[in-house]
2 protein chains.
Amino acid sequence: MTGASSLTLDQLLCFSIYSTGHAFNRIYKPLFDRIGLTYPQYLVMVVLWQEDGQTVRSIGKKLFLESNTLTPLIKRLESAGFVSRNRDREDERQVRVVLTQKGRKLQQDAQDVPRCVFEACGLDLDEVADLNHKLVKLRTSLENAADRTV
Amino acid sequence: MTGASSLTLDQLLCFSIYSTGHAFNRIYKPLFDRIGLTYPQYLVMVVLWQEDGQTVRSIGKKLFLESNTLTPLIKRLESAGFVSRNRDREDERQVRVVLTQKGRKLQQDAQDVPRCVFEACGLDLDEVADLNHKLVKLRTSLENAADRTV
DNA sequence: CACGATTAAATCGTGCGCGATTTAATTTTT
DNA sequence: AAAAATTAAATCGCGCACGATTTAATCGTG
């Protein structure tokens, strides 16, 4: 008979990532409820506040997501009145996502979300920057590895 | 008019976590496809290989999940023949999840998953341990913050 | 003992993620 | 210029997550 395993969850880096992601979720959920967004919707808005009128694909590249996820999500943002979706005149395959007045105004309401989340982290700025940098590096490695196997 | 925002995604620690989680997913997806599990199902199996016969709640505490997520997931593990679900005789409210022969055998097939994922990380053991430790610390802070607001 | 409170699972609805496929527009090749 | 290849979105199905509610068992207090 196989005895108790020696592999525990806390040895798995992927589990730390996974569970910390959920912990973040629990923090910002109430913040986003207040302004009528979900977290992935907020990310799309951040990308649009940065540069308005992007295509679905351009947004997706930044978020590492594709149209199968983004199309319905953006349609919900459209229903909520934050964006409009318009086919590109030059290339009708593409859909450009454009902020509405309401969508631009939302930026102010969402202004203090990053600070609230930062405070919940209980880390100082340097620690956050360091951790952030390491995670970006890890993500890049994982993407390269994924590309190699595919 | 509000100009371009200064807030970028790469400043957000939560986005690093979120996107790195997805990058992990892309790495282990093919590994889990091969053995007929999803990642969350694998985590449940890891917990059970560690200690068989746990209740749904006990599994949930370790994974930071609740019965609304776990019940259907474990039912799928049951359909796949990896576990059986039995009401506890002492306390009929609880359901004990017990590995089948097939579920125990799966441990061997899943044996090299952690190593494969580790290799994709492109980090050495110390770096992984360090990052892991920082993430656990962060997760703990976030949980405490969440408890305080609730 | 009884009744209200608590606890454990289960159920339901919504919104991601994502593999796979489809549709339509554009580009490349012949 | 026509056919083939490529590209961008959209669609579909499935499996999480999770808030909210329900059901059933157990516990605690009077």
Side-chain angles (χ1 to χ4, degrees), chain A residues 14-15 17-30 32-34 36-44 54-61 63-80 85-97 146 150, chain B residues 14-15 17-30 32-34 36-45 54-61 63-80 83 85-97 146 150:
Chain A
C14 52
F15 179 67
I17 302 269
Y18 167 86
S19 54
T20 306
H22 292 165
F24 263 118
N25 234 312
R26 271 162 227 137
I27 293 291
Y28 46 55
K29 183 82 171 41
F32 289 134
D33 280 353
R34 222 168 291 158
L37 289 179
T38 65
Y39 178 61
Q41 288 169 9
Y42 168 75
L43 292 179
V44 169
Q54 292 183 71
T55 63
V56 173
R57 176 162 167 69
S58 160
I59 296 168
K61 279 184 111 164
L63 300 182
F64 305 93
L65 295 173
E66 310 198 5
S67 66
N68 51 4
T69 301
L70 286 175
T71 297
L73 188 158
I74 292 169
K75 281 184 175 175
R76 280 186 283 272
L77 286 176
E78 189 180 35
S79 305
R85 296 166 351 105
N86 324 289
R87 287 275 162 190
D88 187 314
R89 286 299 182 85
E90 314 253 309
D91 183 344
E92 292 267 344
R93 289 173 303 182
Q94 299 185 134
V95 167
R96 298 215 165 258
V97 185
V150 174
Chain B
C14 53
F15 179 67
I17 302 270
Y18 167 85
S19 53
T20 306
H22 292 166
F24 263 118
N25 235 311
R26 272 162 227 139
I27 292 291
Y28 48 56
K29 184 81 171 39
F32 288 135
D33 280 352
R34 223 169 288 158
L37 288 178
T38 64
Y39 178 62
Q41 287 169 9
Y42 168 74
L43 293 179
V44 170
M45 295 304 286
Q54 292 183 69
T55 63
V56 172
R57 177 163 167 68
S58 161
I59 296 168
K61 278 183 114 163
L63 300 182
F64 305 93
L65 294 173
E66 311 199 4
S67 65
N68 50 5
T69 300
L70 285 175
T71 297
L73 187 158
I74 293 169
K75 281 185 176 175
R76 281 186 282 271
L77 286 176
E78 189 180 36
S79 305
V83 303
R85 297 168 350 107
N86 324 289
R87 286 276 162 191
D88 188 313
R89 286 297 183 85
E90 314 253 307
D91 184 344
E92 293 266 344
R93 288 173 304 182
Q94 301 186 133
V95 167
R96 298 216 166 257
V97 185
V150 175

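Residue numbers start from 1 in every chain, and the chains themselves are labelled A, B, ... in the order their sequence lines are given, proteins ahead of strands. Any value given below was found using the heavy atoms of this structure, including those in side chains, with hydrogens, waters and symmetry copies removed.
- Summarising the geometry, the separation between CZ on A:Arg34 and P on D:dG19 is reported as 15 Å, rounded to the nearest angstrom.
- Contact annotation: B:Lys29 side-chain N/O to C:dA20 OP1/OP2 distance is not under 4.0 Å.
- Phosphate contact (OP1/OP2 of C:dG15, side-chain N/O of A:Gln41, threshold under 4.0 Å): absent.
- Atom CD1 of B:Ile17 sits about 9.0 Å away from atom OG of A:Ser19, to the nearest 0.5 Å.
- Taking only side-chain atoms of B:Leu65, from C-beta outward, the nucleotide of D:dA17, D:dA9, D:dC16 with the closest atom is D:dA17.
- If you find the closest nucleotide of DNA chain D to B:Pro72 and to A:Arg85, the one lying nearer the 5' end belongs to A:Arg85.
- In this model, the phosphate group of D:dC16 is approached by a side-chain N or O of B:Arg76 to a distance below 4.0 Å at OP1 or OP2.
- We find that CG of A:Asp33 is positioned 9 Å from C1' of D:dG19, with the value rounded to whole Å.
- Residue-level contact check: A:Thr38 touches the backbone only, with heavy atoms under 4.0 Å from sugar-phosphate atoms and none from bases.
- Between the C1' atom of C:dA9 and the CZ atom of B:Arg93 lies a distance of 11 Å, rounded to the nearest Å.
- Taking atom CG of A:Leu77 as the reference point, atom C1' of C:dC16 lies 12 Å away to the nearest angstrom.
- Taking only side-chain atoms of B:Ser67, from C-beta outward, the nucleotide of D:dA8, C:dA9, D:dC16 with the closest atom is C:dA9.
- With B:Arg87 contributing its side chain and B:Arg93 its backbone, the two residues share a donor-acceptor pair below 3.5 Å.
- Taking only side-chain nitrogens and oxygens, B:Tyr39 never comes nearer than 4.0 Å to OP1 or OP2 of D:dG15.
- At whole-Å resolution of the value, CD in B:Glu92 and P in D:dC27 are 12 Å apart.
- Taking CD1 from A:Ile59 and CG from A:Leu43, the interatomic distance works out to 11.5 Å, rounded to the nearest 0.5 Å.
- The base-pairing partner of D:dC12, taking Watson-Crick or G-U wobble contacts with both distances under 3.5 Å, is C:dG19.
- Listed pair A:Arg26 / D:dC18 meets the phosphate criterion, a side-chain N or O lying under 4.0 Å from OP1 or OP2.
- Side-chain nitrogen and oxygen atoms of A:Thr55 include at least one within less than 4.0 Å of the OP1 or OP2 phosphate oxygen of D:dA9.
- Backbone-only contact: B:Asp91 has heavy atoms under 4.0 Å from sugar-phosphate atoms and none from a base.
- Taking the six-membered ring where tryptophan is involved, the planes of B:Tyr28 and B:Tyr39 are essentially parallel, since the angle between them stays under 30° and well short of 60°.
- Donor-acceptor pairing under 3.5 Å, judged by distance alone, is present between the side chain of A:Asn68 and the base of C:dG19.
- A:Glu66 comes within contact range of no nucleotide atom at all, as no heavy-atom separation falls under 4.0 Å.
- Between the P atom of C:dT26 and the CG atom of A:Asp88 lies a distance of 9 Å, rounded to the nearest Å.
- More than 12 heavy atoms of other shown residues, nucleotides or ligands fall within 6.0 angstrom of atom CD in A:Glu78.
- Of the side-chain N and O atoms in B:Gln94, none sit less than 4.0 angstrom from OP1 or OP2 of D:dA24.
- We find the CG-CG distance between B:Leu73 and B:Asn68 to be 11.5 Å, quoted to the nearest 0.5 Å.
- Using a 4.0 Å heavy-atom distance criterion, B:Leu70 is classed as making no nucleic acid contact.
- Toward the 5′ end of DNA chain C lies the nearest nucleotide of A:Leu73, the other residue of the pair A:Leu73 and A:Glu90 mapping further downstream.
- B:Phe32 has its CZ atom 16 Å from the C1' atom of C:dC18, to the nearest Å.
- Remark: A:Arg57 is in phosphate contact with D:dA8, judged by side-chain N or O atoms under 4.0 Å from OP1 or OP2.
- Note that CE of B:Met45 and CZ of B:Phe32 are 11.5 Å apart. Values are rounded to the nearest 0.5 Å.
- B:Arg96 comes within 4.0 angstrom of nothing in the nucleic acid, heavy atoms only.
- As rounded to whole Å, 10 Å separates atom P of C:dG17 from atom CG of A:Leu63.
- Each of A:Tyr18 and A:Val95 lies near DNA chain D, and the nucleotide nearest A:Val95 is the one positioned closer to the 5' end.
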